Amino acid sequence: MGTDFKISTRSSVERYSTVLVDLSRSIHAEPEVAFQEHRSAEKVASLLAGEGFEVERGVADLDTAFTATYGDGDLVLGLCVEYDALPGIGHACGHNVIAAASTGAALALRDLADDLGITVKVIGTPAEEVGGGKVLMLERGVFDDVALSMMVHPAPYESIAARSLAITDVKVHYYGKPSHAAAAPHLGVNAADAITIAQVAIGLARQHLEPGQMVSGIVLDGGTVPNIVPAKTTAMFDLRAENLESLQRLENRIGDCFHAGALATGCTHEVVKVSPIYAELTPDQWLADAYRQAAVALGRHPLSPERELREKIGSTDMGNVTRVLPAIHPTIAIDCGDAVNHQVEFASACASASADRAVLDGALALAWTTITAATDPDQRARLLAAAAERAAALGGTA
């Protein structure tokens with residue numbers, strides 16, 4: 001019976017192939033940054049509403065978040081959709097491919113929902129690049145009924161049990177005192193110097209960071225004109241680590257570097273978190289293995305499990321989902337030459353024939369993974385038991 005289901009989903013994806021590719025290309029052509037993805041979210045939501053899904057917009061008090069649900073089976077599948085772009089370079093992480101692939105999987109599974117005993121729940125998650133849409137939606141109950149969750153992300157290579165780094169992004173503000181830079185520099189307190197000292201301290205600390213810890217940053221405001229001692233400056237830093245525990249140690253250490261800048265210059269300073277903390281990915285191994293089988297059956301060539309352990313995919317708020325419920329976040333390869341995610345060339349590759357194929361293969365791989373889970377009695381029981389335990393912990397009912 002599982003084979004028949006897979007044939008059916010392949011037929012569905014082929015039938016919707018033009019619609020799915022058009023959706024991917026349309027989102028790519030109109031990039032929108034975090035929490036501003038009004039057109040992109042509506043494109044997905046409207047398509048699913050027209051296909052019989054029950055759509056709720058503005059969920060979790062987020063204007064560009066939505067859910068689209070079909071079926072009433074006890075096994076609830078959460079297919080995550082992303083659609084935010086990067087400032088200045090558009091869809092250089094390929095979220096248009098993610099959105100279309102998850103939509104394709106939902107459409108392919110729709111007509112099988114009763115036979116599989118599943119509920120298909122598409123979850124439109126804004127602000128992955130910055131802002132932590134999934135973290136906010138987790139906290140606000142959108143994933144409470146979900147038994148398994150998945151999505152697929154374009155990349156230069158195919159990775160199944162993809163690993164990511166935990167991350168926190170922070171702004172540091174320094175406050176000094178303005179003065180004439182030539183006539184009375186001694187009366188000023190230089191906030192730009194405070195950033196410089198912090199950057200030097202961080203640079204020297206890098207030699208002694210733990211494996212997997214990383215720091216990157218930019219100056220957002222370094223002053224106004226050179227003949228005024230800068231009285232207020234701001235920098236933003238991404239702090240990453242192998243896991244949340246290591247991230248906390250890194251945050252403490254870099255916090256001391258920020259303090260050093262203030263202490264040495266006489267400034268005051270303030271550190272503000274920009275987004276919720278993103279946890280590292282902890283993919284469900286059984287779901288990952290099922291997805292690997294699907295990807296190979298589609299003629300794709302994933303990295304070996306040993307090689308995967310040496311690769312990192314940056315950071316994602318899907319990591320928070322994987323720590324709460326069984327979930328996967330594989331990557332799917334597109335032809336991008338020497339380009340990598342977050343480069344202009346990769347953005348171009350995400351609107352190519354290779355990216356179009358990734359949409360369709362990704363949709364099928366997600367659908368086939370769901371079929372495998374739903375029709376395996378032991379795994380279905382495992383997923384339902386975990387969902388019931390989580391519901392009980394949340395004070396709900398199974």
Side-chain angles (χ1 to χ4, degrees), residues 4-32 37-55 57 66-71 77 79-85 90-113 120-125 150-155 158 291 294-295 297-300 330-336 346-371:
D4 293 339
F5 288 151
K6 290 177 181 179
I7 292 172
S8 174
T9 51
R10 184 189 285 275
S11 176
S12 294
V13 169
E14 289 174 354
R15 186 169 73 253
Y16 283 103
S17 60
T18 299
V19 171
L20 296 173
V21 168
D22 287 349
L23 175 64
S24 175
R25 295 286 187 124
S26 177
I27 292 172
H28 186 278
E30 296 187 285
E32 299 168 296
E37 320 95 325
H38 298 281
R39 292 188 302 270
S40 299
E42 187 55 34
K43 288 172 184 178
V44 182
S46 292
L47 192 161
L48 291 169
E51 294 293 337
F53 284 72
E54 183 179 343
V55 174
R57 297 168 172 84
F66 71 87
T67 58
T69 307
Y70 192 95
L77 164 69
L79 288 165
C80 289
V81 170
E82 295 178 0
Y83 29 68
D84 62 319
H91 281 287
C93 223
H95 291 186
N96 58 300
V97 174
I98 296 169
S102 286
T103 300
L107 293 173
L109 291 166
R110 175 193 56 188
D111 296 335
L112 301 176
V120 181
K121 183 174 183 178
V122 181
I123 304 173
T125 66
M150 57 185 81
M151 56 174 284
V152 61
H153 197 301
E158 202 107 0
Y291 183 95
L298 289 166
R300 305 195 74 90
T331 65
I332 190 164
I334 64 172
D335 295 333
C336 55
F346 194 85
S348 297
C350 287
S352 66
S354 174
D356 297 343
R357 173 49 53 189
V359 167
L360 305 182
D361 284 356
L364 268 178
L366 294 173
W368 288 0
T369 302
T370 302
I371 291 168

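What you see is a predicted model; the values in this text were computed from it and never measured.
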Original post:
So Ile98 and Val81, side chain to side chain contact (heavy atoms under 4.5 Å, CB included) or not? Walk me through it.
Top reply: CA-CA 6 Å; Ile98 296 169; Val81 170; 5.7 Å; no

**OP:** Assess whether side chain to side chain contact (heavy atoms under 4.5 Å, CB included) is satisfied between His91 and Phe346, documenting all intermediate values.
**Re:** CA-CA 8 Å; His91 281 287; Phe346 194 85; over 6 Å; no

**OP:** Could you walk me through whether Phe53 and Thr67 pass side chain to side chain contact (heavy atoms under 4.5 Å, CB included), step by step?
**Re:** CA-CA 9 Å; Phe53 284 72; Thr67 58; over 6 Å; no

**OP:** Under the side chain to side chain contact (heavy atoms under 4.5 Å, CB included) rule, what do Leu23 and Val21 come out as? Steps first, then yes or no, please.
**Re:** CA-CA 5 Å; Leu23 175 64; Val21 168; over 6 Å; no

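For the salt bridge (charged side-chain N to carboxylate O under 4.0 Å, His left out) test, residues two or more places apart in sequence or in another chain that qualify with Glu42 are Arg57. With sequence neighbours excluded, the residues that form a salt bridge (charged side-chain N to carboxylate O under 4.0 Å, His left out) with Glu30 are Arg39, Lys43. Scanning for side-chain contact (heavy atoms from CB on, under 4.5 Å) contacts around Thr69 gives Thr119, Lys121, with sequence neighbours left out. For Thr369, there are no side-chain hydrogen bond (donor to acceptor under 3.5 Å, both in side chains) partners two or more places apart in sequence or in a different chain. For Ser24, the side-chain hydrogen bond (donor to acceptor under 3.5 Å, both in side chains) test picks out Asn96, with sequence neighbours left out. Scanning for ring-ring contact (aromatic ring centres under 6.0 Å, His included) contacts around Tyr16 gives an empty result, with sequence neighbours left out. In this structure Ala349 satisfies the side-chain contact (heavy atoms from CB on, under 4.5 Å) test together with Ile334, Cys336, sequence neighbours excluded. Every residue two or more places apart in sequence or in another chain that forms a side-chain contact (heavy atoms from CB on, under 4.5 Å) with Ser17 is listed here: Leu360. Shown here are the salt bridge (charged side-chain N to carboxylate O under 4.0 Å, His left out) partners of Asp356, two or more places apart in sequence or in another chain: Arg25. His95 is linked by a ring-ring contact (aromatic ring centres under 6.0 Å, His included) to His153, counting only residues two or more places apart in sequence or in another chain. Shown here are the side-chain hydrogen bond (donor to acceptor under 3.5 Å, both in side chains) partners of Thr331, two or more places apart in sequence or in another chain: there are none. Scanning for salt bridge (charged side-chain N to carboxylate O under 4.0 Å, His left out) contacts around Arg357 gives Asp361, with sequence neighbours left out.
The two atoms that bring Gly94 and Pro154 nearest to each other are O-CG, 3.3 Å, heavy atoms only. Gly362 and Ala101 make their closest contact through C-CB, 4.2 Å (heavy atoms, listed as atom of the first residue, atom of the second, distance). Residues Tyr291 and Ala365 share a closest heavy-atom pair of CE1-CB, 3.3 Å. Closest approach of Ala108 and Thr9 over heavy atoms only: O-CG2, 3.4 Å.
Atom CZ of Arg300 and atom CG of Leu364 lie 11.0 Å apart (nearest 0.5 Å). Of the inter-residue distances, the one linking Ile332 atom CD1 with Leu298 atom CG reads 8.0 Å to the nearest 0.5 angstrom. To the nearest 0.5 Å, atom CG of residue Leu79 and atom CG of residue Leu109 are 7.0 Å apart. If you take CG on Leu20 and CG on Leu107, they are separated by 6.0 Å, rounding to the nearest 0.5 Å. The CG atom of Leu48 lies 12.5 Å from the CD atom of Glu54; values are rounded to the nearest 0.5 Å.
Proximity of a side-chain donor or acceptor of Ser11 to a complementary backbone N or O of Ile7 within less than 3.5 Å is not detected. His28 contributes no side-chain N or O that, together with a main-chain N or O of Val97, makes up a donor-acceptor pair within less than 3.5 Å. Remark: the backbone N or O of Val120 is not paired with any side-chain donor or acceptor of Arg110 at under 3.5 angstrom. Checking side-chain atoms of Thr125 against main-chain N and O of Cys80 turns up no donor-acceptor pair under 3.5 Å. With hydrogens and angles ignored, the 3.5 Å screen pairs no side-chain donor or acceptor of Ser352 with any backbone N or O of Ser348. Judged by distance alone, with hydrogens and angles left aside, the side-chain atoms of Glu158 form a donor-acceptor pair with the main-chain N or O of Ala333 at under 3.5 Å. Of the possible donor and acceptor atoms, none in the side chain of Tyr83 sits under 3.5 Å from a partner among the backbone N and O of His38.
Looking at heavy atoms from C-beta onward, Tyr70 lies out of side-chain contact with Val122 at the 4.5 angstrom threshold. Taking the side chain as every heavy atom from C-beta outward, Leu112 and Ser8 approach each other to under 4.5 Å. At a threshold of 4.5 Å between non-hydrogen side-chain atoms, the residues Thr370 and Met150 count as touching.
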